[in-house]
2 protein chains.
Amino acid sequence: MSHESKSETQDPFHAHDHDHCAASVLRRAEEQARQEGVRLTPVRRRVLEILLESHRAMGAYEVLERLALEGFGKQPPVAYRALDFLVEQGLAHRVRRLNAYAACLSNQRDHTPAFLICRLCEQVAEADTPQMREALAALAAAHDLTIERSTVEILGICARCAKAEQAKAQDV
Amino acid sequence: MSHESKSETQDPFHAHDHDHCAASVLRRAEEQARQEGVRLTPVRRRVLEILLESHRAMGAYEVLERLALEGFGKQPPVAYRALDFLVEQGLAHRVRRLNAYAACLSNQRDHTPAFLICRLCEQVAEADTPQMREALAALAAAHDLTIERSTVEILGICARCAKAEQAKAQDV
DNA sequence: GTTATTTATGTTATATCGTAACGCGTCAAG
DNA sequence: CTTGACGCGTTACGATATAACATAAATAAC
């Protein structure tokens, strides 16, 4: 198995070493928790692992179902609290268009990436470019608004799914 | 009353002729409905008017309450349907961060503006710049994603509220 | 080491947001 | 003047999210 992945810019829409990518996020989570004096408890860690199983964004209730099966609490706050913790720590992100959560794949502590969402396979990629940061800053400046948080989400169809769709259309 | 407003880029965070701004949107709505062969029925028109009363984004149930008081239906679908219609026609936008809706203040038929939201006064401005469009396109291209829809929302504090906060702090 | 304090987990209950499905009325086309 | 599409209203429900409180575990104070 090749380890060519630059853990900086994982892109689920293209081939990557997922085991490596998941493990590296978990390692970072542990280290970060130690450093910041917060606790990566079993539920919290497990939720992160669950999110890391795929690059799909998962709804809170979907996560909760998994937790319940594994002997954790069965009520919504259990999932929401763990997810909120992960989001606060920058270990996961909330994808508003989907009312769902995805593990953070970057190494940066405080970043507000853009999300690229494939409507068909539901995979989510994050991206953080200077160009976008500048565009956001320019907008805010033009309106005299002090930025506190920003949301950038792009919904579309990834290359892999586009190709698959085309193939399907040909078959008919 | 001065009519200096360029109906292209209304900015609720700064002084503008609101009556003019609301009236011009309604005029556009009527014309557009005629042209596209869709009907701006009483409920639909009223919802647009309600949204236009302020530059705040309103929740569906908030709109519904108003409709109920005025003798329209009292059940959620009444509000959601009218709002969906307005969004489809590009006469209103959905602000995802707030789970709420705001009247469209631009004249463009199909546009996907960025939203600037003040956390304190809850006013919402829309903005559509080439720089942002390019940043979005670049992101999508970099990930081989075909854009279908995009969401850009900036939450912060507008100049007016920032000033007010400062004044309050001084008083203490 | 024991006690006090904080933090986390689990619960019940409820709020908030959104939609499916159906019946009736209205309007425009033939 | 009928028929078919559309819109409005309803009931009922599903999905998402949070408040409030009890218990247990971890950390801090003594």
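Below, chains carry the letters A, B, ... as their sequence lines are ordered, and counting in each starts from 1. These figures come from a predicted structure and were not determined experimentally. These numbers come from the heavy atoms of this one structure, side chains and all, not from hydrogens, waters or symmetry mates.
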Using five pairs at either end of the helix from C:dG1-D:dC30 to C:dG30-D:dC1, determine the angle between the two local helix axes and round it to 10 degrees. 30°

May I ask you to decide whether B:Arg28 forms a salt bridge with B:Glu31, counting only side-chain N to carboxylate O separations under 4.0 Å? no

Give the rounded distance in Å between these two atoms: CG of B:Leu64 and C1' of C:dT19. 14 Å

Take atom CG of B:Asp84 and atom C1' of C:dT19, then tell me their distance rounded to the nearest Å. 10 Å

Could you state the atom-to-atom distance from CZ of B:Arg94 to P of C:dC17 in whole Å? 11 Å

For the pair made of CG in B:Leu40 and P in C:dC27, what is the distance, rounded to whole Å? 15 Å

Closest-nucleotide mapping onto DNA chain C: is B:Ala60 or B:Arg39 further toward the 5' terminus? I mean the 5' end. B:Ala60

Sub-6.0 Å ring centroid separation between A:His18 and A:His16: yes

Distance check needed: D:dA17 P versus B:Leu98 CG, whole Å only. 14 Å

To the nearest Å, how far apart are A:Glu62 CD and D:dG14 C1'? 16 Å

OP1, OP2 of D:dT18 versus side-chain N and O of A:Tyr80: anything below 4.0 Å? no

For B:Val78 against B:Gly73, the heavy-atom pair lying closest together: CG2-CA, 3.9 Å

For the pair made of CG in A:Leu83 and P in D:dA15, what is the distance, rounded to whole Å? 18 Å

Polar side-chain atom of B:Arg44 near backbone of B:Arg39 as donor-acceptor pair, under 3.5 Å: yes

Separation of C:dT16 atom C1' from B:Tyr101 atom OH, nearest Å, is 13 Å

With ILVMFWY side chains joined below 4.5 Å, transitively, what does B:Ile117's cluster contain besides itself? B:Val95, B:Leu98, B:Phe115, B:Val124, B:Leu155

Straight-line distance of A:Gln131 CD to B:Glu134 CD, nearest 0.5 Å: 7.0 Å

Polar-atom pairs under 3.5 Å, protein N or O versus N or O of nucleotides 8-13 of chain D: list them with distances, or write none.
residue: D:dC8; atom: OP1; partner: B:Thr41; partner atom: OG1; Å: 2.5
residue: D:dG9; atom: N7; partner: B:Arg81; partner atom: NH2; Å: 2.1
residue: D:dG9; atom: O6; partner: B:Arg81; partner atom: NH1; Å: 2.9
residue: D:dG9; atom: O6; partner: B:Arg81; partner atom: NH2; Å: 3.3
residue: D:dT10; atom: OP2; partner: B:Lys74; partner atom: N; Å: 2.7
residue: D:dT10; atom: OP2; partner: B:Gln75; partner atom: N; Å: 3.4

Does one side chain, of B:Arg97 or A:Thr151, offer a donor that lies under 3.5 Å from an acceptor on the other? yes

Using atom types as modelled and distance alone, determine if a side-chain donor or acceptor of B:Glu126 lies under 3.5 Å from a backbone N or O of B:Leu105. yes

Indicate the atoms forming the closest heavy-atom contact of A:Ile147 with A:Ala140, along with that distance. CG1-CB, 3.4 Å

